[in-house]
Asker: 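Here's a structure for you.
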Amino acid sequence: MNSLRARAHLLFGRRSHQSLAPHQHLSPAVANDLVISTVDENSGIAMLTMNRPPANSLSMEMNEAICDSIKTIEANAKIQSVILSSTNPKIFSAGLDVTELVSPDKDRLPRFWNSLQQVYIDLYGSRLATVAAIQGHAPAAGCFLAMACDYRVMSAGDINSDTKKKHVPTIGLNETQLGIAAPPWMGQLLVRTVGFRQAELALALGTLFPPEQALAVGLVDDIVPHQKAESGEDQLIDLLPSQIKDQALNPLLQRAYSQARIYAKIPPQARVASKMVTREEHIFRMIAKRDEDTQHFCGFVTQKAVQKNLSAYVEALKNKSAKK
Ligand SMILES: CCCC/C=C\CC(=O)SCCNC(=O)CCNC(=O)[C@H](O)C(C)(C)COP(=O)(O)OP(=O)(O)OC[C@H]1O[C@@H](n2cnc3c(N)ncnc32)[C@H](O)[C@@H]1OP(=O)(O)O
(Lines give C-alpha, C1' and ligand atoms only; values in the text may rest on other atoms or scores of the structure.)
Protein backbone atom coordinates (compact mmCIF):
# COMPACT_ATOMS: atom_id res chain seq x y z
CA MET A 1 0.00 0.00 0.00
CA ASN A 2 1.61 3.32 -0.96
CA SER A 3 1.52 6.07 1.59
CA LEU A 4 -1.22 8.12 -0.07
CA ARG A 5 -3.53 5.13 -0.41
CA ALA A 6 -2.80 4.04 3.12
CA ARG A 7 -3.56 7.53 4.39
CA ALA A 8 -6.81 7.62 2.45
CA HIS A 9 -7.69 4.21 3.88
CA LEU A 10 -7.05 5.44 7.39
CA LEU A 11 -9.01 8.62 7.00
CA PHE A 12 -11.85 7.68 4.69
CA GLY A 13 -11.38 4.13 3.42
CA ARG A 14 -14.13 2.34 5.27
CA ARG A 15 -16.91 4.87 5.07
CA SER A 16 -20.09 3.91 3.30
CA HIS A 17 -23.14 6.08 2.87
CA GLN A 18 -25.20 4.06 5.27
CA SER A 19 -26.84 6.16 7.97
CA LEU A 20 -28.75 5.23 11.09
CA ALA A 21 -31.74 6.84 12.70
CA PRO A 22 -31.10 8.83 15.90
CA HIS A 23 -30.85 6.62 18.98
CA GLN A 24 -31.19 3.53 16.83
CA HIS A 25 -29.12 0.72 18.26
CA LEU A 26 -26.87 -0.86 15.72
CA SER A 27 -27.09 -4.57 15.14
CA PRO A 28 -24.54 -6.47 17.19
CA ALA A 29 -21.32 -6.84 15.22
CA VAL A 30 -21.64 -10.59 15.32
CA ALA A 31 -24.53 -12.87 16.12
CA ASN A 32 -23.25 -13.78 19.58
CA ASP A 33 -23.03 -10.22 20.91
CA LEU A 34 -19.31 -10.28 21.69
CA VAL A 35 -19.35 -6.55 21.19
CA ILE A 36 -22.41 -4.32 21.47
CA SER A 37 -22.48 -1.09 19.50
CA THR A 38 -24.91 1.76 20.12
CA VAL A 39 -25.04 5.19 18.51
CA ASP A 40 -26.68 8.53 19.14
CA GLU A 41 -26.58 10.72 16.04
CA ASN A 42 -27.82 13.77 17.95
CA SER A 43 -24.71 13.93 20.09
CA GLY A 44 -22.41 12.28 17.51
CA ILE A 45 -21.34 9.75 20.15
CA ALA A 46 -21.27 5.95 19.99
CA MET A 47 -20.49 3.28 22.53
CA LEU A 48 -18.65 0.05 21.82
CA THR A 49 -19.12 -2.30 24.75
CA MET A 50 -17.05 -5.45 25.06
CA ASN A 51 -19.20 -8.35 26.19
CA ARG A 52 -17.24 -11.61 26.21
CA PRO A 53 -17.64 -13.21 29.65
CA PRO A 54 -15.90 -14.01 31.82
CA ALA A 55 -13.01 -11.62 31.15
CA ASN A 56 -13.39 -9.95 27.72
CA SER A 57 -10.27 -11.80 26.65
CA LEU A 58 -9.36 -11.34 23.00
CA SER A 59 -10.00 -14.44 20.91
CA MET A 60 -9.84 -14.22 17.12
CA GLU A 61 -13.62 -13.83 16.97
CA MET A 62 -13.53 -11.08 19.61
CA ASN A 63 -10.88 -9.16 17.66
CA GLU A 64 -12.95 -9.50 14.49
CA ALA A 65 -16.07 -8.32 16.31
CA ILE A 66 -14.23 -5.22 17.59
CA CYS A 67 -13.02 -4.39 14.06
CA ASP A 68 -16.49 -4.96 12.60
CA SER A 69 -18.01 -2.65 15.19
CA ILE A 70 -15.47 0.11 14.54
CA LYS A 71 -16.17 -0.17 10.80
CA THR A 72 -19.93 -0.03 11.31
CA ILE A 73 -19.70 3.01 13.56
CA GLU A 74 -17.25 4.76 11.23
CA ALA A 75 -19.67 4.21 8.35
CA ASN A 76 -22.05 6.62 10.04
CA ALA A 77 -20.77 10.07 9.10
CA LYS A 78 -22.74 11.67 11.95
CA ILE A 79 -20.69 9.91 14.61
CA GLN A 80 -17.44 11.55 15.76
CA SER A 81 -16.62 9.91 19.09
CA VAL A 82 -16.81 6.42 20.52
CA ILE A 83 -16.50 5.20 24.11
CA LEU A 84 -14.84 1.80 24.50
CA SER A 85 -16.27 0.07 27.56
CA SER A 86 -17.02 -3.30 29.12
CA THR A 87 -20.12 -5.04 30.46
CA ASN A 88 -17.91 -6.50 33.20
CA PRO A 89 -17.59 -3.98 36.07
CA LYS A 90 -14.33 -5.54 37.28
CA ILE A 91 -12.54 -6.33 34.03
CA PHE A 92 -12.04 -4.00 31.05
CA SER A 93 -10.24 -6.74 29.11
CA ALA A 94 -7.95 -9.51 30.39
CA GLY A 95 -5.83 -9.24 27.23
CA LEU A 96 -5.32 -12.00 24.74
CA ASP A 97 -7.32 -15.14 25.28
CA VAL A 98 -4.43 -17.22 26.56
CA THR A 99 -6.11 -20.41 25.40
CA GLU A 100 -5.41 -19.20 21.82
CA LEU A 101 -1.69 -19.40 22.66
CA VAL A 102 -1.46 -22.82 24.30
CA SER A 103 -1.02 -25.83 21.95
CA PRO A 104 -2.24 -23.61 19.11
CA ASP A 105 -3.68 -24.79 15.82
CA LYS A 106 -1.07 -24.09 13.11
CA ASP A 107 -3.53 -22.55 10.67
CA ARG A 108 -5.45 -20.54 13.22
CA LEU A 109 -2.44 -19.01 15.03
CA PRO A 110 -1.37 -16.61 12.22
CA ARG A 111 -5.00 -15.69 11.56
CA PHE A 112 -5.47 -14.98 15.26
CA TRP A 113 -2.41 -12.71 15.27
CA ASN A 114 -3.58 -10.95 12.09
CA SER A 115 -6.88 -10.23 13.81
CA LEU A 116 -5.04 -8.51 16.69
CA GLN A 117 -2.88 -6.52 14.26
CA GLN A 118 -6.09 -5.42 12.58
CA VAL A 119 -7.51 -4.18 15.88
CA TYR A 120 -4.39 -2.04 16.23
CA ILE A 121 -4.75 -0.63 12.69
CA ASP A 122 -8.50 -0.01 12.98
CA LEU A 123 -8.56 1.37 16.53
CA TYR A 124 -5.31 3.35 16.60
CA GLY A 125 -5.99 4.68 13.08
CA SER A 126 -9.70 5.30 13.50
CA ARG A 127 -11.17 8.56 12.25
CA LEU A 128 -13.27 8.51 15.43
CA ALA A 129 -12.16 10.10 18.68
CA THR A 130 -11.85 7.12 21.00
CA VAL A 131 -12.28 7.25 24.78
CA ALA A 132 -11.48 4.18 26.88
CA ALA A 133 -13.67 3.80 30.00
CA ILE A 134 -11.48 1.47 32.05
CA GLN A 135 -13.72 0.20 34.81
CA GLY A 136 -11.60 -2.79 35.77
CA HIS A 137 -8.39 -4.66 35.06
CA ALA A 138 -6.60 -4.03 31.77
CA PRO A 139 -3.52 -6.27 31.59
CA ALA A 140 -1.40 -6.84 28.45
CA ALA A 141 -3.55 -6.61 25.31
CA GLY A 142 -6.27 -5.08 27.54
CA CYS A 143 -3.84 -2.23 28.21
CA PHE A 144 -3.06 -2.15 24.49
CA LEU A 145 -6.76 -1.56 23.68
CA ALA A 146 -6.79 1.38 26.08
CA MET A 147 -3.50 2.78 24.72
CA ALA A 148 -4.85 2.61 21.17
CA CYS A 149 -7.60 5.06 22.19
CA ASP A 150 -7.23 8.85 22.24
CA TYR A 151 -8.14 9.28 25.91
CA ARG A 152 -8.17 6.97 28.93
CA VAL A 153 -10.36 7.33 31.99
CA MET A 154 -9.87 4.74 34.74
CA SER A 155 -11.92 3.86 37.78
CA ALA A 156 -10.15 4.33 41.11
CA GLY A 157 -11.76 1.07 42.27
CA ASP A 158 -14.52 0.42 44.75
CA ILE A 159 -15.36 -1.31 47.99
CA ASN A 160 -17.66 -4.32 48.04
CA SER A 161 -20.57 -3.31 50.28
CA ASP A 162 -20.95 -6.86 51.68
CA THR A 163 -17.37 -8.01 52.16
CA LYS A 164 -15.90 -4.48 52.55
CA LYS A 165 -13.07 -5.72 50.36
CA LYS A 166 -11.46 -3.11 48.13
CA HIS A 167 -11.27 -3.83 44.42
CA VAL A 168 -8.39 -1.98 42.80
CA PRO A 169 -8.06 -2.42 39.04
CA THR A 170 -4.64 -2.47 37.41
CA ILE A 171 -3.34 -1.68 33.94
CA GLY A 172 -0.07 -2.40 32.14
CA LEU A 173 1.85 -4.59 29.74
CA ASN A 174 2.60 -7.55 32.01
CA GLU A 175 3.73 -9.93 29.25
CA THR A 176 7.17 -10.65 30.70
CA GLN A 177 5.44 -12.07 33.78
CA LEU A 178 3.99 -14.74 31.48
CA GLY A 179 7.34 -15.48 29.84
CA ILE A 180 6.41 -13.66 26.64
CA ALA A 181 7.17 -10.21 25.22
CA ALA A 182 4.86 -7.57 23.81
CA PRO A 183 5.38 -7.14 20.04
CA PRO A 184 7.32 -4.02 18.97
CA TRP A 185 4.25 -2.06 17.86
CA MET A 186 2.53 -2.71 21.20
CA GLY A 187 5.64 -1.94 23.27
CA GLN A 188 6.12 1.25 21.26
CA LEU A 189 2.60 2.33 22.16
CA LEU A 190 3.69 2.25 25.79
CA VAL A 191 6.79 4.31 24.94
CA ARG A 192 4.54 6.80 23.14
CA THR A 193 2.18 6.95 26.09
CA VAL A 194 4.46 7.10 29.15
CA GLY A 195 7.86 8.00 27.69
CA PHE A 196 11.02 5.97 27.14
CA ARG A 197 12.35 5.33 30.65
CA GLN A 198 9.02 4.52 32.28
CA ALA A 199 8.18 2.20 29.38
CA GLU A 200 11.59 0.51 29.50
CA LEU A 201 11.14 -0.22 33.20
CA ALA A 202 7.51 -1.30 32.93
CA LEU A 203 8.08 -3.55 29.90
CA ALA A 204 11.01 -5.38 31.48
CA LEU A 205 9.25 -5.89 34.82
CA GLY A 206 5.77 -6.48 33.40
CA THR A 207 4.41 -3.80 35.72
CA LEU A 208 0.69 -3.60 36.38
CA PHE A 209 -0.11 -0.10 37.64
CA PRO A 210 -2.92 0.67 40.10
CA PRO A 211 -4.93 3.77 39.08
CA GLU A 212 -2.97 6.46 40.96
CA GLN A 213 0.34 5.20 39.62
CA ALA A 214 -1.09 4.83 36.12
CA LEU A 215 -2.12 8.48 36.31
CA ALA A 216 1.27 9.54 37.68
CA VAL A 217 3.18 7.95 34.76
CA GLY A 218 0.64 9.15 32.18
CA LEU A 219 -0.72 5.73 31.26
CA VAL A 220 -4.22 7.06 31.93
CA ASP A 221 -5.43 10.64 31.60
CA ASP A 222 -7.90 10.72 34.46
CA ILE A 223 -9.09 8.59 37.36
CA VAL A 224 -12.59 8.71 38.73
CA PRO A 225 -13.64 7.83 42.29
CA HIS A 226 -16.42 5.30 42.48
CA GLN A 227 -19.09 7.26 44.40
CA LYS A 228 -22.31 7.20 42.46
CA ALA A 229 -23.07 10.54 40.80
CA GLU A 230 -26.26 12.28 41.95
CA SER A 231 -27.21 13.27 38.46
CA GLY A 232 -25.66 12.89 35.08
CA GLU A 233 -25.89 13.31 31.35
CA ASP A 234 -29.35 12.09 30.29
CA GLN A 235 -28.13 11.26 26.80
CA LEU A 236 -25.76 8.67 28.21
CA ILE A 237 -28.75 6.47 29.14
CA ASP A 238 -29.69 6.17 25.47
CA LEU A 239 -26.23 4.91 24.63
CA LEU A 240 -26.02 2.23 27.28
CA PRO A 241 -26.73 -1.32 26.09
CA SER A 242 -29.36 -3.22 28.10
CA GLN A 243 -26.66 -5.22 29.94
CA ILE A 244 -25.41 -2.05 31.65
CA LYS A 245 -28.50 0.17 31.51
CA ASP A 246 -28.28 0.60 35.29
CA GLN A 247 -24.89 2.32 34.90
CA ALA A 248 -26.22 5.72 33.86
CA LEU A 249 -24.91 7.29 37.08
CA ASN A 250 -21.60 5.49 36.99
CA PRO A 251 -19.13 8.37 37.36
CA LEU A 252 -16.57 6.66 35.12
CA LEU A 253 -19.01 6.41 32.23
CA GLN A 254 -20.19 9.95 32.93
CA ARG A 255 -16.60 11.20 32.71
CA ALA A 256 -15.91 9.20 29.53
CA TYR A 257 -19.11 10.58 28.02
CA SER A 258 -18.24 14.20 28.75
CA GLN A 259 -14.79 13.67 27.20
CA ALA A 260 -16.39 12.06 24.12
CA ARG A 261 -18.64 15.13 23.85
CA ILE A 262 -15.67 17.49 24.00
CA TYR A 263 -14.05 15.59 21.10
CA ALA A 264 -17.31 15.49 19.13
CA LYS A 265 -17.41 19.28 19.08
CA ILE A 266 -13.99 19.68 17.43
CA PRO A 267 -14.24 20.09 13.63
CA PRO A 268 -13.64 16.49 12.50
CA GLN A 269 -11.34 17.22 9.53
CA ALA A 270 -8.97 19.12 11.81
CA ARG A 271 -9.17 16.54 14.60
CA VAL A 272 -8.51 13.62 12.25
CA ALA A 273 -5.65 15.40 10.47
CA SER A 274 -3.97 16.17 13.79
CA LYS A 275 -4.42 12.58 14.94
CA MET A 276 -2.68 11.33 11.84
CA VAL A 277 0.28 13.65 12.48
CA THR A 278 1.14 11.60 15.54
CA ARG A 279 -0.08 8.15 14.43
CA GLU A 280 0.18 7.46 10.71
CA GLU A 281 3.92 6.84 10.58
CA HIS A 282 3.65 4.33 13.40
CA ILE A 283 0.81 2.53 11.65
CA PHE A 284 2.59 2.48 8.26
CA ARG A 285 5.70 1.03 9.90
CA MET A 286 3.65 -1.77 11.41
CA ILE A 287 1.79 -2.48 8.15
CA ALA A 288 5.13 -2.70 6.31
CA LYS A 289 6.36 -5.30 8.80
CA ARG A 290 3.08 -7.10 9.31
CA ASP A 291 4.08 -10.47 7.79
CA GLU A 292 7.44 -10.43 9.55
CA ASP A 293 5.65 -9.67 12.82
CA THR A 294 3.26 -12.59 12.29
CA GLN A 295 6.08 -15.00 11.55
CA HIS A 296 8.00 -13.83 14.58
CA PHE A 297 4.95 -14.20 16.83
CA CYS A 298 4.14 -17.73 15.58
CA GLY A 299 7.78 -18.83 15.87
CA PHE A 300 8.10 -17.39 19.37
CA VAL A 301 4.85 -18.70 20.82
CA THR A 302 5.37 -22.24 19.55
CA GLN A 303 8.79 -22.58 21.21
CA LYS A 304 8.83 -25.39 23.76
CA ALA A 305 9.96 -23.21 26.66
CA VAL A 306 7.33 -20.56 25.90
CA GLN A 307 4.60 -23.20 25.65
CA LYS A 308 5.66 -24.52 29.02
CA ASN A 309 5.35 -21.06 30.63
CA LEU A 310 2.00 -20.40 29.00
CA SER A 311 0.56 -23.79 30.00
CA ALA A 312 1.59 -23.18 33.61
CA TYR A 313 0.05 -19.71 33.48
CA VAL A 314 -3.30 -20.98 32.15
CA GLU A 315 -3.30 -23.73 34.77
CA ALA A 316 -2.66 -21.18 37.53
CA LEU A 317 -5.49 -18.98 36.25
CA LYS A 318 -7.90 -21.93 36.27
CA ASN A 319 -6.84 -23.03 39.76
CA LYS A 320 -7.22 -19.52 41.10
CA SER A 321 -10.71 -19.24 39.67
CA ALA A 322 -11.67 -22.73 40.94
CA LYS A 323 -10.62 -21.80 44.49
CA LYS A 324 -13.05 -18.86 44.66
C1 LIG B 1 3.59 -13.53 22.43
C2 LIG B 1 3.32 -12.08 22.33
C3 LIG B 1 1.91 -11.70 22.64
C4 LIG B 1 1.87 -10.44 23.42
C5 LIG B 1 0.61 -9.72 23.42
C6 LIG B 1 -0.33 -9.79 24.37
C7 LIG B 1 -0.24 -10.75 25.46
C8 LIG B 1 -1.50 -10.98 26.26
O9 LIG B 1 -2.45 -10.22 26.24
S10 LIG B 1 -1.50 -12.41 27.13
C11 LIG B 1 -2.83 -12.26 28.29
C12 LIG B 1 -2.36 -11.52 29.49
N13 LIG B 1 -3.42 -11.43 30.46
C14 LIG B 1 -3.23 -11.69 31.74
O15 LIG B 1 -2.15 -11.98 32.18
C16 LIG B 1 -4.44 -11.58 32.62
C17 LIG B 1 -4.84 -12.90 33.17
N18 LIG B 1 -6.01 -12.72 34.03
C19 LIG B 1 -5.94 -12.20 35.27
O20 LIG B 1 -4.93 -11.80 35.78
C21 LIG B 1 -7.24 -12.12 36.02
O22 LIG B 1 -8.16 -12.97 35.43
C23 LIG B 1 -7.85 -10.69 36.06
C24 LIG B 1 -6.96 -9.79 36.94
C25 LIG B 1 -7.99 -10.09 34.68
C26 LIG B 1 -9.25 -10.76 36.70
O27 LIG B 1 -9.17 -11.40 37.95
P28 LIG B 1 -10.48 -11.97 38.62
O29 LIG B 1 -11.56 -10.97 38.60
O30 LIG B 1 -10.07 -12.49 39.95
O31 LIG B 1 -10.97 -13.13 37.65
P32 LIG B 1 -10.35 -14.61 37.46
O33 LIG B 1 -8.88 -14.58 37.50
O34 LIG B 1 -11.03 -15.54 38.40
O35 LIG B 1 -10.77 -14.94 35.96
C36 LIG B 1 -12.15 -15.11 35.61
C37 LIG B 1 -12.22 -16.05 34.46
O38 LIG B 1 -11.58 -15.45 33.32
C39 LIG B 1 -10.60 -16.34 32.80
N40 LIG B 1 -9.50 -15.52 32.23
C41 LIG B 1 -8.89 -14.49 32.82
N42 LIG B 1 -7.97 -13.97 32.01
C43 LIG B 1 -7.99 -14.69 30.88
C44 LIG B 1 -7.27 -14.61 29.65
N45 LIG B 1 -6.33 -13.67 29.42
N46 LIG B 1 -7.56 -15.52 28.70
C47 LIG B 1 -8.52 -16.45 28.90
N48 LIG B 1 -9.25 -16.57 30.05
C49 LIG B 1 -8.98 -15.69 31.02
C50 LIG B 1 -10.16 -17.16 34.01
O51 LIG B 1 -9.54 -18.34 33.60
C52 LIG B 1 -11.50 -17.38 34.68
O53 LIG B 1 -12.20 -18.33 33.91
P54 LIG B 1 -13.04 -19.50 34.60
O55 LIG B 1 -12.01 -20.42 35.20
O56 LIG B 1 -13.80 -20.12 33.48
O57 LIG B 1 -13.89 -18.84 35.63
Side-chain angles (χ1 to χ4, degrees), residues 34 50-63 66 86-104 109-110 112-120 123 134-148 154-155 157-158 160 163 165-190 202-211 214 286 290 292-324:
L34 292 174
M50 294 180 281
N51 181 43
R52 182 170 188 251
N56 280 333
S57 64
L58 302 176
S59 62
M60 184 166 80
E61 290 73 18
M62 181 66 171
N63 292 335
I66 291 171
S86 159
T87 50
N88 187 327
K90 303 262 189 272
I91 304 175
F92 177 69
S93 164
L96 295 188
D97 184 334
V98 282
T99 62
E100 292 270 12
L101 307 179
V102 177
S103 308
L109 192 63
F112 164 68
W113 192 247
N114 285 164
S115 71
L116 183 73
Q117 293 169 327
Q118 197 60 44
V119 173
Y120 160 76
L123 189 58
I134 310 158
Q135 242 167 287
H137 297 289
C143 173
F144 146 71
L145 287 177
M147 289 193 297
M154 187 174 190
S155 165
D158 64 346
N160 183 306
T163 62
K165 234 178 133 183
K166 192 157 191 218
H167 173 259
V168 181
T170 59
I171 181 167
L173 295 183
N174 64 327
E175 279 84 349
T176 53
Q177 301 272 356
L178 285 68
I180 55 179
W185 47 273
M186 197 183 282
Q188 283 298 329
L189 274 194
L190 190 65
L203 283 170
L205 301 173
T207 310
L208 287 170
F209 297 91
M286 186 274 196
R290 193 170 177 169
E292 197 184 309
D293 181 58
T294 305
Q295 279 167 21
H296 181 267
F297 164 76
C298 295
F300 181 78
V301 158
T302 50
Q303 280 173 35
K304 230 175 170 182
V306 175
Q307 280 296 308
K308 201 173 157 201
N309 286 337
L310 286 169
S311 300
Y313 192 74
V314 170
E315 207 50 43
L317 261 183
K318 282 188 186 151
N319 289 340
K320 174 194 151 197
S321 163
K323 275 187 198 151
K324 278 183 180 171

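Note: hydrogens, waters and symmetry copies are ignored here, and every other heavy atom, side chains too, is used. Whatever order the structure lists them in is the order used to number ligands and atoms, beginning at 1. Note that the numbering runs from 1 along the sequence shown for the chain.
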Asker: Could you check whether the rings of F297 and F112 sit parallel, tilted or perpendicular, using 30° and 60° as the cut-offs?
Answerer: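 Answer is tilted, since the angle falls between 30° and 60°.
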
Asker: So, R52 side chain and L34 main chain: donor-acceptor pair closer than 3.5 Å or not?
Answerer: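 No, R52 side chain to L34 backbone: no donor-acceptor pair under 3.5 Å.
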
Asker: Give a yes or no answer on whether the side chain of T176 reaches the backbone of G206 with a donor-acceptor pair at less than 3.5 Å.
Answerer: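 Flag set: sc T176 to bb G206 pair under 3.5 Å.
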
Asker: Contact residues of ligand 1 with a heavy-atom cut-off of under 4.0 Å?
Answerer: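 Close residues (ligand 1, cut-off 4.0 Å): P54, A55, S57, I91, A94, G95, L96, D97, V98, W113, H137, P139, A140, A141, N174, E175, L178, I180, A181, P183, M186, F297, V301, Y313, L317, K320, S321, K324.
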
Asker: Write down the atom of I66, the atom of M50, and the distance for their closest heavy-atom approach.
Answerer: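 Heavy-atom minimum between the residues: CD1-SD, 4.3 Å.
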
Asker: Under a 3.5 Å distance rule, please check whether N160 uses its side chain to pair with a backbone N or O of H167 as donor and acceptor.
Answerer: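 No: the side chain of N160 does not pair with the backbone of H167.
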
Asker: Any chance you could measure W113, atom CH2, to L96, atom CG, to the nearest 0.5 Å?
Answerer: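 Taking CH2 in W113 and CG in L96, the distance rounds to 6.0 Å.
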
